[in-house]
Amino acid sequence: MTQEQIRAIYEDPKAFLLQGKKTKELIAAKRERIDSWNRLAESITVTLKPDGGSAPGGYKQSLIENAACNIIDLENEILEEISGLVNIEKDIREAIAFFVKDDRYKAVLELRYLNGYSWRSIGSRLYYGEDWVCRLHGSALQEMRQNAERALHSAQ
């Protein structure tokens, strides 16, 4: 872990852990836009007409071609964001493993921030009530923050 990451965990462990969720939301939004472009492309019927030679082959660029280009651009953006998400999730896994010692805390944090489960789902998977899961979560964040603080002070 870098000093910057340790400081971010110390200052706000929850914000550090939420990085992956935000990236997943961006990816999901772009996937929705791709679906929209696909629906648009499927609904278009175009008759190509000569335009006097300004485009290759002497035909105007089709609306379907524009939609396809937009889809490809968005898919490339998603691939870049997925690559970044892999690194973010790796950092989150490492932070949980390094700064959290209690296995129950680790499970709660991983299920919440890496798997995206609700408190109720986490509780049912771990056989705890929702209130207890929330308490474990708070204790896990506190432990994470305290251990990050120790790491910062020992590095100085």
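These values consider heavy atoms only, across backbone and side chains, with no hydrogens, waters or symmetry-generated copies.
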If you draw a 6.0 Å radius around [atom1] in [X], do more than 12 non-hydrogen atoms from other residues or ligands fall strictly inside?
| X | atom1 | result |
| --- | --- | --- |
| Lys21 | NZ | no |
| Glu25 | CD | yes |
| Lys14 | NZ | no |
| Arg7 | CZ | no |

Which value, rounded to the nearest 0.5 Å, describes the distance between [X] atom [atom1] and [Y] atom [atom2]?
| X | Y | atom1 | atom2 | result |
| --- | --- | --- | --- | --- |
| Leu18 | Ile92 | CG | CD1 | 8.0 Å |
| Ile71 | Asp35 | CD1 | CG | 9.0 Å |
| Arg104 | Lys106 | CZ | NZ | 13.0 Å |
| Lys30 | Glu81 | NZ | CD | 3.5 Å |
| Leu17 | Asp12 | CG | CG | 9.0 Å |
| Phe16 | Ile96 | CZ | CD1 | 9.0 Å |

What heavy-atom pair brings [X] and [Y] nearest, and what distance separates the two atoms?
| X | Y | result |
| --- | --- | --- |
| Arg125 | Leu111 | CD-CD2, 4.3 Å |
| Ala148 | Ile6 | O-CG2, 3.5 Å |
| Trp37 | Leu74 | CD1-CD1, 3.8 Å |
| Val108 | Ile122 | O-CD1, 4.0 Å |
| Ile88 | Gly20 | CG2-N, 3.6 Å |

Report task. Please confirm whether Arg112 makes a cation-pi placement over Tyr117, using NZ or CZ under 6.0 Å from the six-membered ring centre and within 45° of the ring normal. Result -> no
[X] side-chain N/O to [Y] backbone N/O, donor-acceptor pair under 3.5 Å:
| X | Y | answer |
| --- | --- | --- |
| Ser83 | Leu79 | no |
| Glu89 | Val86 | no |
| Ser154 | Arg150 | yes |
| Glu110 | Ala107 | no |

Query - Distance-only donor-acceptor check, side chains Ser118 and Ser121, under 3.5 Å - result: yes
Could you list the donor-acceptor pairs under 3.5 angstrom formed by side chains in residues 127-144, with sequence neighbours left out?
residue : atom : partner : partner atom : Å
His137  : NE2  : Tyr113  : OH           : 2.6
Ser139  : OG   : Arg135  : O            : 3.2
Glu143  : OE2  : Lys101  : N            : 2.5

Query - Residues Asp91, Gln5; criterion side chain to side chain contact (heavy atoms under 4.5 Å, CB included); working and verdict - result: CA-CA 9 Å; Asp91 291 342; Gln5 289 171 321; 2.9 Å; yes
With the side chain counted from C-beta on, respond yes when [X] and [Y] share a heavy-atom pair under 4.5 Å apart, and no when they do not.
| X | Y | answer |
| --- | --- | --- |
| Asn147 | Val100 | no |
| Leu152 | Gln3 | yes |
| Ile34 | Ile78 | yes |

Query raised in the report: Do Leu85 and Leu109 sit in the same hydrophobic cluster, where Ile, Leu, Val, Met, Phe, Trp and Tyr count as joined when their side-chain heavy atoms come under 4.5 Å apart?
Result: no
